[in-house]
Amino acid sequence: MSTPTGFMEYKRELPNDRDPLERIKDWNEFHKMFSEEQLRTQGARCMDCGTPYCHTGMELAGNASGCPINNLIPEWNNLVYRGLWKEAYERLAKTNNFPEWTGRVCPAPCEGSCTVGLIGDAVTIKTIEQAIIDRAFEEGWVVPQPPKARTGKKVAVVGSGPPDLRQPLSLIKRGTR
Ligand code: SF4
């Protein structure tokens, strides 16, 4: 757990986006990012729940709940809080092939499932995810990880969004394709 009372001490905050009238003029990033101190404060709001609904992708009463790729959210929230960014990236990369996308475009069912949301505002999971992967690219931690042996099998990717790409890669990792 980051801090036992962090969710009571600190408010949920999100960085501002660039003004829409400005950002339509270019293709540059429109999400602004928090400072390291702000990110660590947001990480401090995570309670490291015994049953982390944020991380547990499942269906409850016909509704999607939690992260569909089971990101290890409480672990990397805590690592960011402690300033251990490389370790946070290594945890994130264990379950997510494309955090640079999901940290930006995912609708974040993890936040909708966050236990803190029962009594206040959910932890800013998606912003922290984006910060981890952006930092990993800046630091040069994202490097190719070629397989030790290639199977010679081919994969057809239908569609171009993160789900289309994530699924076959996940199956390959599990050795089912
Ligand atoms: S549900 Fe919210 S408070 Fe609990 S572990 Fe997940 S992010 Fe942290």
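Both ligands and their constituent atoms are indexed starting at 1 by order of listing.
Of the inter-residue distances, the one linking Thr41 atom OG1 with Lys11 atom NZ reads 13.5 Å to the nearest 0.5 angstrom.
For Glu13 and Arg45, the salt-bridge test fails: no basic side-chain N is under 4.0 Å from an acidic carboxylate O.
Although no hydrogens or angles enter the test, the distance criterion places a donor-acceptor pair under 3.5 Å between the side chain of Arg18 and the main chain of Glu29. Glu87 contributes no side-chain N or O that, together with a main-chain N or O of Leu79, makes up a donor-acceptor pair within less than 3.5 Å.
Residues Ile73 and Trp85 are members of one and the same hydrophobic cluster, defined by side-chain heavy-atom contacts under 4.5 angstrom among Ile, Leu, Val, Met, Phe, Trp and Tyr.
Atom 6 (Fe) of ligand 1 has Cys54 SG as its protein N, O or S neighbours under 2.8 Å.
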Identify every side-chain donor-acceptor pair in residues 135-142 under 3.5 Å, counting partners at least two apart or on other chains, and give the distances.
from, atom 1, to, atom 2, distance (Å)
Arg135, NE, Glu139, OE2, 3.1
Arg135, NH1, Glu36, OE1, 3.1

